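Down below is the structure, laid out as structure tokens.
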Amino acid sequence: MAVYVYRCTEHGLTEVTRAMGTADAAVPCPACDLQATRVFTVPRLSLGSPARREVIDRTERTRDEPDVVSAPPPRPGGPGAAAVARNPALRRLPRP
């Protein structure tokens, strides 16, 4: 669903929720029944979750500005890394 904005000459802006792509050029104003014409606005992408926006922005940045590292990350339990609790069921798995 998308929110479309319409402007009445008497009562100002009003919002109408419709399925995407089904907006009319004009709708009756809910206050006075005059024709309110559609106002084109930017998409309301900023109303989403801040965490999701950050993930999208970070993903977009890595396309052109990838993180540069000088060495691979330390192995779990190796020098410089915190000791990782090992699951006994995983000991039987083949190691590289």
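The figures that follow rest on heavy atoms only: side chains count, while hydrogens, waters and symmetry mates do not. Since the structure is predicted, the reported quantities are computational estimates derived from the model, not experimental observations.
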Test side-chain contact (heavy atoms from CB on, under 4.5 Å) applied to V3 and V16, step by step: CA-CA 6 Å; V3 176; V16 177; over 6 Å; no

Closest non-hydrogen atom pair between C8 and A36, with its separation: N-CB, 3.9 Å

Minimum heavy-atom separation for A23 and Y6, please, with both atom names. CB-OH, 3.6 Å

Check whether more than 12 heavy atoms from other residues, nucleotides or ligands sit under 6.0 Å from atom CZ of R7, and answer yes or no. no

Please determine whether the number of non-hydrogen atoms from other residues, nucleotides or ligands lying under 6.0 Å from atom CE of M20 exceeds 12. no

Across all chains, not counting sequence neighbours, the salt bridge (charged side-chain N to carboxylate O under 4.0 Å, His left out) partners of R18 are D24

Taking the side chain as everything from C-beta on, heavy atoms only, tell me whether [X] gets closer than 4.5 Å to [Y].
X   : Y   : value
H11 : C32 : yes
T14 : V5  : no
P28 : L34 : no

Quick one: CG on D33 to CD on E10, what's the gap to the nearest 0.5 Å? 12.5 Å

Could you give the distance from CD (E15) to OG1 (T41), rounded to the nearest 0.5 Å? 8.5 Å

Donor-acceptor contact below 3.5 Å, side chain Y4 vs main chain G21: yes

